[in-house]
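Presented below is the structure to which this report refers.
In this chain, residues are counted from 1 in sequence order.
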Amino acid sequence: LVFRVLLPCLLFTNVAYIKLTDITKDDIKVLGFCLVSAPVIVLVFSLVVPLFIKDKAKIGAFVQGVFRTNVAFLGIPFAISFPKLLNLLF
């Protein structure tokens, strides 16, 4: 319930009420970093993991697990730490 309904509603309301004048160059840099680093992480792990795991069926699951775990542990703190970008009222 929390991840499928409440979190998307929170993110939508935060983004819907953002004022473009409140966004700084630093916010754009962080957003760009996040957008670039996510595919890079997947690509690097897709190339490195087969060196250690020989079963091809397990490689995809491992890479996906690494990526999703990082998003869960790092994504929400990143979102909370940029109140101007998401217009959070904490």
Treating Ile, Leu, Val, Met, Phe, Trp and Tyr as nodes and any side-chain heavy-atom pair under 4.5 angstrom as an edge, say whether L43 and V49 lie in one connected cluster. no

Single hit among L47, V40, I41 for side chain to side chain contact (heavy atoms under 4.5 Å, CB included) with V44: V40

Taking a hydrophobic cluster as the set of Ile, Leu, Val, Met, Phe, Trp and Tyr residues connected by side-chain heavy atoms closer than 4.5 Å, whether directly or through intermediates, do I59 and V48 fall within one such cluster? no

For V63 and F45, work out which heavy atoms get closest and say how close. CG2-O, 3.7 Å

For the backbone of L51 and the side chain of K54, can you confirm whether one donor and one acceptor N or O come within less than 3.5 Å of each other? yes

